[in-house]
Amino acid sequence: MQLLLCLSKPAQHVKKNPLMAASGSGSIMWFRKGLRIHDNPALEYASKGSDFLYPVFVIDPHYMEPDPKAFSPGSRLAGLNRIRFLLESLKDLDTSLKKLGSRLLISKGEPDKVLIQCLKEWGVKKLCFEHDTEPYYQALDIKVKEYTSAAGIEVFSPVSHTLFNPADIIQRNGGKPPLTYQSFLKLAGQPSWLSSPLLTSISSLPPVGDVGSCEISEVPTIKDLGYGDIEQEWTPFRGGESEALKRLKESVSDKKWVANFEKPKGNPSLFVKPATTVLSPYLKFGCLSSRYFYQCLQDVYKNVQKHTSPPVSLAGQLLWRDFFYTVAFGTPNFDRMKGNKLCKQGARSFFFKKGYRSLISSSFHNIIQDFALRMPSLNVVMIPWNDDDELLAAWREARTGYPWIDAIMVQLRTWGWMHHLARHSVACFLTRGDMFLHWERGRDVFERLLIDSDWAINNGNWLWLSCSSFFYQYNRIYSPISFGKKYDPNGNYIRHFLPVLKDMPKEYIYEPWTAPSGIQRKAKCIVGRDYPKPVVYHDSASKECKRKLAEAYALNQKLNGQLSQEDLDNLRRKLAQDEDPEPKIRRQRRKVGHLT
DNA sequence: GTGACGTTGTGTGA
DNA sequence: TCACACAACGTCAC
């Protein structure tokens, strides 16, 4: 309310038309993701044949308003970097809409309630919004469609966030999502829209109609949202479609770089000019169309002699995105370890008792019903992860004592973005590599702090990295010392994000606890005082993790993945009994060191 | 049932 | 720079 009051001002580009509601020629374009003008079929359809167009974005307080209890500045669900990125994206969209004779109408509240109020007040006959497969939006859309169906309002909700429609892929695979990238590629083939040009510009839009009694504001600032004066290091990446297209143009203009791109060969320690496009935050909010990006890449590939291919190529990265969207859409409880049992044993009851039947479009319902009968097939390994708030906080707050890990966590907090392999390093360290903590805890931290955090991709990658699903070679552990050193022997990345170590000689920068005390004094960094000692011994901790994973895998195999809570607890006790005490001893020493 | 395969590990030795 | 051991997983195609 405070926001609306302080921003209430006469709306520009708004034409009064008291007859509009009766004429029924108005449409609402409901922006959620898809914050762009180019390749936006919902916007295109909304503007066709409409005398008035209402471009609406609803600010959900859960997503935007300050939560003082959260572990970093921001709302309950999002860190401040991502909130700011979203506001910048909205501002850019508003500017673009104004150039086309329209504007963005910002409202605030529970999105479904606000939208239904707008639909009633404005008397429109058409509601357009981009289809979204995330559970949050699926549930939201059900509520809105219940109203539109009863009110006789046409709904147009095209798939334009991804290259393919996840439901189509699942249908083609007999009702199950493909579980490997290669099988996904085979099913997907070439996108149907690839041969025809996408609509990348619009010359004008219908004017905005009378907004009546609906509370509408301009795009708020961070301060308007109640954050006051914030002192923090902000992400260097600016939100919005204009910035996205500029970045895209820069990336694809280097044809040689695009043609030779191989994701696993990228250097995660580069930060002045990152080794990847950093287009992921723009794809996340739909400031950039993945289809337009894909088409631009195909144009480059056509004009070079040879180029890399999926999974490592740039186009392959967009296909990875679609792969995770597809598996996530076809897997109930994709974001949990413990939902798997429910999937395997009680898929029918899950779908039919929990109301998911109404959640899914009728055309897809038959497939899902069949899918439920066949049993969902994503195997999530049940692992008795440890629960240790102290270790989790050390990881989250960049004080593990391993500079490579801590520097990445500082980059996460300050930039909201890190290279993919840097994410692998810290995710492996938290889960199966060193700390043996639950991937869901790490997922929560990433989900909050990343500016590109995406429900399907984030959960998919945590399942992958923790060897819980998709990837199972738990012997392959990233070393918190040698992995970074291989790319950046001088430790420039560490020196930048952990200035406390900027004068540490390169011989010790990845393992400062090994530096002689004279060197530590000269570098003005005494380990245990200015920078923490390691919270675990990597050598023994990683061996312990491998042993635990081996036992957990064996039990999962024995019980065919059907572990009860009791089975997990028993295994946890057994693993603790057999545990090598060495990592714990180090933790005790560190703790004492901190207290004194 | 079997064999090939899997975007992105590390350390060692040639 | 490359091959190999490490130790061995699940998925897919046959």
Side-chain angles (χ1 to χ4, degrees), chain A residues 172-174 176-187 260-270 274-276 280 307-324 326-327 330-331 340 344 374-383 402 404-405 408 418-429 431-434 457 460-488 510-511 538-561:
Chain A
R172 267 182 252 166
N173 198 38
K176 294 184 295 182
L179 299 180
T180 63
Y181 184 77
Q182 296 302 336
S183 59
F184 170 81
L185 288 186
K186 275 186 200 163
L187 283 163
N260 294 324
F261 184 90
E262 282 185 72
K263 185 69 168 282
K265 291 192 179 165
N267 182 338
S269 73
L270 297 179
T276 53
S280 54
H307 59 83
T308 53
S309 299
V312 297
S313 62
L314 266 179
Q317 306 315 299
L318 288 172
L319 290 158
W320 274 109
R321 179 174 177 269
D322 264 56
F323 168 68
F324 282 124
T326 305
V327 187
T331 306
N340 195 40
K344 284 197 168 178
R374 285 163 187 264
M375 309 302 181
S377 48
L378 181 73
N379 177 37
V380 176
V381 184
M382 300 283 277
I383 297 166
Y402 287 91
W404 171 247
I405 299 298
I408 294 167
M418 321 85 98
H419 186 274
H420 191 63
L421 291 177
R423 300 180 194 204
H424 277 215
S425 284
V426 295
C428 182
F429 187 88
T431 57
R432 67 184 170 84
D434 292 84
I457 300 168
N461 277 309
W462 276 96
L463 283 163
W464 186 298
L465 255 297
S466 63
C467 278
S468 297
S469 201
F470 302 112
F471 175 80
Y472 308 94
Q473 286 161 303
Y474 56 79
N475 287 306
R476 296 186 182 175
I477 290 175
Y478 291 85
S479 163
I481 298 156
S482 42
F483 185 73
K485 201 187 278 184
K486 165 171 85 176
Y487 297 99
D488 179 19
Y510 284 88
E511 301 166 90
H538 172 67
D539 285 350
S540 51
S542 58
K543 280 195 187 93
E544 275 296 298
C545 284
K546 280 190 261 191
R547 182 182 68 82
K548 288 173 180 174
L549 261 298
E551 294 227 24
Y553 269 55
L555 189 64
N556 272 267
Q557 205 167 42
K558 189 177 159 195
L559 301 178
N560 193 27

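Each chain gets a letter, A, B and so on, in the order its sequence line appears, and its residues count up from 1. Given the structure is predicted, the values throughout are model-derived calculations rather than measurements. Because only heavy atoms are used, hydrogens play no part in the values below, and waters and symmetry mates are left out as well, while side chains stay in.
- Rounded to the nearest Å, the gap between the P atom of B:dT7 and that of C:dA13 is 13 Å.
- Closest to the side chain of A:Phe483, out of B:dT10, B:dT8, C:dT11, is B:dT10.
- Distance from the side chain of A:Pro264 is smallest to B:dT8 among B:dT8, C:dT11, C:dC9.
- Atom-to-atom, OH of A:Tyr478 to C1' of B:dG11 comes out at 16 Å; the value is rounded to the nearest Å.
- With B:dT7, C:dT11, C:dA13 as the candidates, the nucleotide lying closest to the side chain of A:Trp320 is B:dT7.
- Of the residues near DNA chain C, A:Tyr553 and A:Lys186, the one whose nearest nucleotide (by heavy atom distance) lies more toward the 5' end is A:Tyr553.
- Across the protein-nucleic acid pair, A:Phe323 atom CZ and B:dT8 atom C1' stand 15 Å apart, rounded to whole Å.
- Of the possible donor and acceptor atoms, none in the side chain of A:Ser542 sits under 3.5 Å from a partner among the backbone N and O of A:Gly433.
- For the pair A:Tyr181 OH and B:dT8 C1', the interatomic distance rounds to 13 Å; values are reported in whole Å.
- Residue A:Lys486 places at least one side-chain N or O closer than 4.0 Å to OP1 or OP2 of B:dT10.
- Spacing between C:dC4 and B:dA4 at atom P, rounded to whole Å, works out to 16 Å.
- For A:Gln182 and B:dT7, the shortest distance from a side-chain N or O to OP1 or OP2 is below 4.0 Å.
- Taking the six-membered ring wherever Trp is involved, the centroid distance between the rings of A:Phe324 and A:Phe470 falls below 6.0 Å.
- No aromatic stack links A:Tyr474 and the base of C:dC9, using centre distance under 5.5 Å and interplanar angle under 30°.
- Between A:Ser313 and B:dT7, a side-chain N or O to OP1/OP2 separation shorter than 4.0 Å is absent.
- Residue A:Gln317 is classed as a base contact, given a heavy-atom separation below 4.0 Å to a base.
- A:Leu465 approaches A:Tyr478 most closely through the heavy-atom pair CD1-CE1, 4.2 Å.
- Using Watson-Crick or G-U wobble geometry with both donor-acceptor distances under 3.5 Å, B:dG1 finds its partner in C:dC14.
- Side-chain atoms of A:Leu421 lie closest to B:dT8 of the nucleotides B:dT8, B:dT7, B:dT10.
- Between the NE2 atom of A:His419 and the P atom of B:dT7 there is a distance of 17 Å, given to the nearest Å.
- In the displayed structure, A:Lys486 atom NZ is contacted under 6.0 Å by more than 12 heavy atoms of other residues, nucleotides or ligands.
- Among the atoms of the strands shown, none is found under 4.0 Å from any heavy atom of A:Phe470.
- Heavy atoms of A:Lys485 sit nowhere under 4.0 angstrom from any nucleic acid atom.
- Put simply, CG on A:Asn260 is 21 Å from P on B:dT7, counting in whole angstrom units.
- Atom-to-atom, OH of A:Tyr472 to P of B:dG9 comes out at 17 Å; the value is rounded to the nearest Å.
- With respect to the salt-bridge test (charged N to carboxylate O, under 4.0 angstrom), the residues A:Glu544 and A:Arg547 qualify.
- Of all nucleotides listed (C:dA7, C:dC9, B:dT8), C:dA7 comes nearest to the side chain of A:Asn475.
- With P as the reference atom, B:dG1 and C:dA7 are 27 Å apart, rounded to whole Å.
- A:Gln473 places its CD atom 8 Å from the P atom of B:dT8, with the value rounded to the nearest Å.
- For the ring-ring contact (aromatic ring centres under 6.0 Å, His included) test with A:Trp464, the passing option among A:Tyr181, A:Tyr472, A:Trp320 is A:Trp320; the others fail.
- If you measure from atom CZ of A:Arg476 to atom P of B:dT8, you get 6 Å, rounded to the nearest angstrom.
- Under the Watson-Crick and G-U wobble criteria, each requiring two contacts below 3.5 Å, nucleotide C:dA8 is left unpaired.
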